[in-house]
Number of protein chains: 2
Amino acid sequence: MCNRKGTLIRYGDWLCEDAGMMTSAAPDGSAVPDGTDGTDGTDGADGAVPRRRRDVERNQRALLDAAGAVFATSGVGAPVREVAAAAGVGVATLYRHFPTRSDLVVAVYRHQVDACAEAGPALLATEPTPFAATLAWVHGFVDFLGTKHGLGRVWEGDDAGFTALHVLFVERLVPVLDGLLDAARASGEVVAPVTAYQLLRAVGDLVAWAPQDPDYDVRRMVTLLVSGLRQEPPAP
Amino acid sequence: MCNRKGTLIRYGDWLCEDAGMMTSAAPDGSAVPDGTDGTDGTDGADGAVPRRRRDVERNQRALLDAAGAVFATSGVGAPVREVAAAAGVGVATLYRHFPTRSDLVVAVYRHQVDACAEAGPALLATEPTPFAATLAWVHGFVDFLGTKHGLGRVWEGDDAGFTALHVLFVERLVPVLDGLLDAARASGEVVAPVTAYQLLRAVGDLVAWAPQDPDYDVRRMVTLLVSGLRQEPPAP
DNA sequence: CTCGAAACGGAGCGACGTTCCGCACCGTAA
DNA sequence: TTACGGTGCGGAACGTCGCTCCGTTTCGAG
């Protein structure tokens, strides 16, 4: 928000609990592979790369755990200092692992986003119609976002929406929703000319800023939006 | 955003170009009438109140003009210092007239909101159907919000959505939209069980955070949302 | 054990919204 | 016209934010 460089930082798989190979973001924007341990099948051209330091891994894990806990209690908008303190490290360490606040959020929620993405094809198989599958998937997305109050600030980001969270959603979820929409369009249920990106963005805006007001039911508004897909848009 | 007291500040008619009577916000939340000139019909119990100082009025006007210009060029998220500098006054003067950033925004756009509100009944008379009137009115609202990029931060506010802008919208626009929706429901066009507040809030969220991305058309998404009003919501 | 590179911690930077306080100005009364 | 009292003013200052700089520590290979 302050004086960051304008480069689009590629987010990588910071947490390697599910994949050994990692890529870390260099400040100039080029993604370089981390020299992980030699157990995995990396091309051993230069096997002399030093082993990953143990404190690095420990701190990374501590940061992710702490961030998860802090975000769960204080909301996603919690200050980075708070996360760093909870992890028992300095802020510089946090920023060395996660170049941006948004990157930290992405790392914390990445596997949840993955689960959300993987639910798409499954729903297409189990739900009675493609439109029902689409609606169910969007509701799952809403439920996912709804538990993270204050996500809006991260979702919106600073300048043009080039947050890491935004990139993650576009890369991971837009294709899934696109498949659902295509199927629903093929079945004739969906007729409105709307792209998956537009719909996802709209749902995100709707949910990310929803108040915890009992008079306001986000799910209902999202349902309203998705229902609109079944109609030709009005004339103008 | 920083260390404001949690009191809900009542916004008053800061700019008296259309109404002489003014109320200013006291820090404890109680609205007290400003001692304006005795020309208007105030209860003259204490007519000895000193006349309003001329510099006060001049600065207020300068601030509003400057804020309008700055918001138009730098966006609504422009720093208060910038507005104060453009008006040629100190920040303290700005804060004396507008207790919060959000209050300044409200004061700048108040008459536009009024115009938006007044367009409601008119559209009901000119548009072919109440639903068409509703859609047209919502589109007008979108156009109004769309010109103010960066409004999201103000729209969202800090804690629970108790921004002055929020209060203004709820007090001024919700009744108007309610009338439109009632008419559209009476005509049978709108069947979805949605309140005016819910719809306005959803449209606001949709628009306030819309990117200037050419791939994303807010108007289309809002139309989608309003179109959903014509259908019974899907089962759950 | 030595040593150099990599990682660390926390002070520091710039920007933000908002408040404090000594001084200047305005309007009234003599 | 001048003196005066209080209201309004300006800008430095405060607390917080995301993020960076740099002297110091620590890891692990030789």
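The analysis underlying the following values was restricted to heavy atoms, covering all of them including side chains, and did not include hydrogens, waters or symmetry mates.
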Q. With the threshold set at 4.0 Å, does a side-chain nitrogen-carboxylate oxygen contact exist between B:Asp205 and B:Arg201?
A. yes

Q | Heavy-atom closest contact (B:Leu200 atom, B:Phe169 atom, distance) | A | CD2-O, 4.0 Å

Q) What is the distance from atom CG of A:Asp178 to atom CG of A:Leu181, rounded to the nearest 0.5 Å? A) 6.5 Å

Q | Nearest-0.5 Å distance that lies between atom CG in A:Leu224 and atom CZ in A:Arg220 | A | 9.5 Å

Q. Do B:Gln198 and A:Asp215 come within less than 4.5 Å of each other through their side chains, counting heavy atoms only?
A. no

Q.
Return whichever of B:Ser102 or B:Arg58 has its heavy-atom-nearest nucleotide of DNA chain C closer to the 5' end.
A. B:Ser102

Whole angstroms only, please: what is the [atom1]-[atom2] distance between [X] and [N]?
X        : N      : atom1 : atom2 : answer
B:Phe98  : D:dC9  : CZ    : P     : 11 Å
A:Leu104 : D:dC19 : CG    : P     : 10 Å
A:Arg52  : C:dA7  : CZ    : P     : 8 Å
A:Leu94  : D:dT20 : CG    : C1'   : 13 Å
B:Tyr95  : D:dC14 : OH    : C1'   : 13 Å

Q | Polar contact flag, side-chain donor to acceptor under 3.5 angstrom, A:Thr223-A:His139 | A | yes

Q) If only side-chain N and O atoms of B:Arg54 are considered, is one of them under 4.0 Å from the OP1 or OP2 phosphate oxygen of C:dG27? A) yes

Q. Looking at residues at least two apart in the chain, or sitting in another chain, which of them share a side-chain hydrogen bond (donor to acceptor under 3.5 Å, both in side chains) with A:Glu82?
A. A:Ser74

Q. For B:Asp143, what residues pass the side-chain hydrogen bond (donor to acceptor under 3.5 Å, both in side chains) criterion, not counting sequence neighbours?
A. B:Arg219

List every contact pair, protein side and nucleotides 8-11 of chain C side both N or O, where the distance is under 3.5 Å.
residue: C:dC8; atom: OP1; partner: A:Asn59; partner atom: ND2; Å: 2.2
residue: C:dC8; atom: OP2; partner: A:Arg96; partner atom: NH1; Å: 3.1
residue: C:dG9; atom: OP2; partner: A:Gly90; partner atom: N; Å: 2.9
residue: C:dG9; atom: OP2; partner: A:Thr93; partner atom: OG1; Å: 2.7

Q. Which residues within residues 67-75 of chain A lie with some heavy atom under 4.0 Å of an atom in DNA chain C?
A. none

Q: For the helix from C:dC1-D:dG30 to C:dA30-D:dT1, measure the angle between the helix axis at one end and the axis at the other, each built from five pairs, rounding to 10°.
A: 20°

Q) Of the options A:Arg58, A:Arg53, A:Arg52, which is the one that meets A:Asp55 in a salt bridge (charged side-chain N to carboxylate O under 4.0 Å, His left out)? A) A:Arg53

**Q.** Sidechain-backbone polar pair: A:Glu171 side chain, A:Leu168 backbone, donor-acceptor under 3.5 Å
**A.** no

Exercise answer: donor-acceptor pairs, residues 64-73 of chain A side-chain atoms, under 3.5 Å, sequence neighbours excluded:
residue: A:Thr73; atom: OG1; partner: A:Ala69; partner atom: O; Å: 3.3
residue: A:Thr73; atom: OG1; partner: A:Val70; partner atom: O; Å: 3.1

